[in-house]
Number of protein chains: 2
Amino acid sequence: MSLSDRKRRILKAVIDEYIENAEPVGSRVIASRSRLDVSPATIRNEMSELEELGYLEQPHVSAGRIPSTAGYRLYVNELMQDYALSDHEAEAINAALRTQMRELERTVREFGSFVSRLTNYTTYTLMPSPSSERVMKFDVLIIDERYAIVVIVTSSGLLKNKRIRLATSATEEEIRQVVRILNTHFTNRTLDEISLSLIKRASAEAGNLAYLVTAVADFAGEVLDDSGDGDIYLDGISRMLNHPEYRDPEKARELLNYLSDKREILRHTKEHFSDDNVAGQIRFSIGTENSDEPLKDAGIVYGTYDLGKNLQGVIGIVGPTRMDYAKVAANLNYFINGFNKLIRDSFFTDI
Amino acid sequence: MSLSDRKRRILKAVIDEYIENAEPVGSRVIASRSRLDVSPATIRNEMSELEELGYLEQPHVSAGRIPSTAGYRLYVNELMQDYALSDHEAEAINAALRTQMRELERTVREFGSFVSRLTNYTTYTLMPSPSSERVMKFDVLIIDERYAIVVIVTSSGLLKNKRIRLATSATEEEIRQVVRILNTHFTNRTLDEISLSLIKRASAEAGNLAYLVTAVADFAGEVLDDSGDGDIYLDGISRMLNHPEYRDPEKARELLNYLSDKREILRHTKEHFSDDNVAGQIRFSIGTENSDEPLKDAGIVYGTYDLGKNLQGVIGIVGPTRMDYAKVAANLNYFINGFNKLIRDSFFTDI
DNA sequence: TTTTAGCACTCTCGGCTTCCGAGTGCTAAT
DNA sequence: ATTAGCACTCGGAAGCCGAGAGTGCTAAAA
């Protein structure tokens, strides 16, 4: 049976109120603030029923009610109103987008930073995990007679480089030859497709510079492999402390330590996305829905952004369970749409 | 007049004790723990004199003494013993060094991360500010008929890249020509030396690809200029909360907010290094010596590392005023020596 | 003259009690 | 079905007290 309209309105009022003030909300406040013309007593009855249904909780008998995880869940799924971005917020996001992917990573990170500042929550950005990543292009720059820099451009547009020591000094022409060999043999292949025999064949062509081909191939393997982890950037960790729920230093420390450990976040995020319910772009994970202890009274809003075929990155925004889901979701959504569009009509779409 | 030997020993004992336990230390503890065979009463007399001299302070009349900023200053300048790195610590640092500058930045950051874990303080690493930075090498990689990536290698070994939209599709040969022009005109010059007339002259040579030369030159300017800010990486912010002085969430929040603002750190560090007393590599800045309010009861240990001629980066380690200066200094020193050596005999020394 | 023992004094901290107010649930009236 | 009224509960703030730690001072001892 679904909730009566009045119950829904009351529940929403409680949650909105609680999100704003972080304090248990009582029947009187709801009665006066929401404009259902009923007395506190009626609200009380309704609330006690909402409690029985599991949407509200009471910290102790004579405090107001606070939403339960189920309450929040209902809220994000059905109750909450679209939050209208303020001009200021939209402008900030546009600014992040306007940096125009001078470096892709930076754009995403910058957005994370903006949202963190705008919403006062901690954000993390997770670069796409490119297991299906390919090398698009090789190049070798000679620095001096002893060193060269290898440059690799991947299909997601990342650019990686490594310094390599030259065993024998090589001429421009020789290097160009090596680059040609690399580009013909190794581009457009995933890690799995770069076999040992392929490397052998390629380096055979390179004569006395074979070692260079091998070195570069190794490096390519490294890049394709380890960037599989995807870098994680955190922003606004300290903002966590602005919220009253983290007055208790123990609580704060526990959560911050957890968030600082990138492996934890990575694991958590992957876990969350392993469920195949790939509904919309924005997802929520609330309070006790999180299996990790330190997140049990936190909320996370996730958004995914595309970076080409099969490449998705994740942005997560972490706050107390009581965080302003509507606002965060609106911001995230706005950015992601802009970003995806940007990518779609300007990047390597044909890959 | 300089302090009597006994006073010095007592002061040192007080500071060592306080560094370890974070609690005001009383006469009895000193009497029993340090092996000056005197009674607590004598210690009391000495301590009250040390207080008059400004080296110790009393939080309230019936607590023990804690060191003042002046006390710490004397401690780091004269009193503290060399801390001997444990095998574990040395090994961790070696590991950071062994990552072999796959990317320079990463090595430094990794060290920051290690030290943070080892010492439980927050660290920040500041990349060199390369106002005297030059471009070593240009390259342009064609991605497809619409896009190319410009790669710039700077004299400090940083590699920057930018995607550029091609107005007209260009042949390999044309691009090679552009690269040649770029390399002859713009390499080995600092930002100041890249004049407008130089750009004009260079682009004239490029015919219908002049726009490309201009775009790349602009980008080069951007890189040389804005990397002047130097990136900052923080590590172990949350570890701050492990120290009892930050039990008070207000205090913690203030400091963490300050630390999260990279501009603040940058400004502070620059300020600190503007004094021309370039004594050793390791420097301290203690408590009220810091002009910034949030740092007034924190301590910072700075170390500088070289990255070639005229290029210095800074590593800072931030903790409570009571931090273990000896240990931190030892770690920092060990790393910096190793790192500098690594750079000296393997990098672009001849620049 | 320096060191030490003794003692009164001060101040913080933890625990305890008390009190107040907010908010509830129940009952009876509308 | 709603509301007014009322007794009840509980957490938090304020106040109080005693214990403990550490001091400074004085007077005796070395």
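Residue numbers start from 1 in every chain, and the chains themselves are labelled A, B, ... in the order their sequence lines are given, proteins ahead of strands. These numbers come from a predicted model, not from an experiment.
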Pairing residues for B:R28 by the side chain to side chain donor-acceptor pair (under 3.5 Å) criterion, not counting sequence neighbours: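 Listed in chain order: nothing, the list is empty.
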Using the side chain to side chain donor-acceptor pair (under 3.5 Å) criterion, which residues pair with A:Q58? Sequence neighbours excluded.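 Checked A:Q58 against side chain to side chain donor-acceptor pair (under 3.5 Å); zero matches.
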Please give, in whole Å, the distance from [N] [atom2] to [X] [atom1]?
| X | N | atom1 | atom2 | answer |
| --- | --- | --- | --- | --- |
| B:E23 | C:dT12 | CD | P | 15 Å |
| B:N21 | D:dG22 | CG | C1' | 16 Å |
| A:I30 | C:dA22 | CD1 | P | 17 Å |
| A:E46 | C:dC26 | CD | P | 15 Å |
| A:I66 | C:dG23 | CD1 | C1' | 15 Å |
| B:Q58 | C:dT12 | CD | C1' | 13 Å |
| B:E52 | D:dT23 | CD | P | 15 Å |
| B:K7 | C:dT2 | NZ | P | 11 Å |

Quick one: does [X]'s side chain have a donor or acceptor within less than 3.5 Å of a partner on [Y]'s backbone?
| X | Y | result |
| --- | --- | --- |
| A:K12 | A:M80 | no |
| B:Y121 | B:R117 | no |
| A:T69 | A:G287 | no |

With a distance cut-off below 6.0 Å to the six-membered ring centre and an angular limit of 45° from the axis, does A:R283 pair with A:F273 as a cation-pi contact? yes
State whether B:Y72 and B:R322 meet the cation-pi test: NZ (Lys) or CZ (Arg) under 6.0 Å from the six-membered ring centroid, and within 45° of the perpendicular axis.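 Geometry flag: not set, cation outside 6.0 Å or 45°.
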Taking only side-chain N and O atoms of A:R6, does any of them lie within less than 4.0 angstrom of OP1 or OP2 on D:dT2?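 Checking D:dT2 against A:R6, a side-chain N or O does come within under 4.0 Å of OP1 or OP2.
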Residue-phosphate contact under 4.0 Å: A:R65 side-chain N/O, C:dA22 OP1/OP2: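 Indeed not, no polar side-chain atom of A:R65 lies that close.
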Give the B/S/- string for nucleotides 4-11 of chain C, one per nucleotide from 5' to 3', where a protein heavy atom under 4.0 Å of the base yields B, of only the sugar-phosphate yields S, and otherwise -. BBB---BB
Residue met sooner reading DNA chain C from 5', once A:S48 and B:P59 are mapped to nucleotides: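 Nearer the 5' end of the strand: B:P59.
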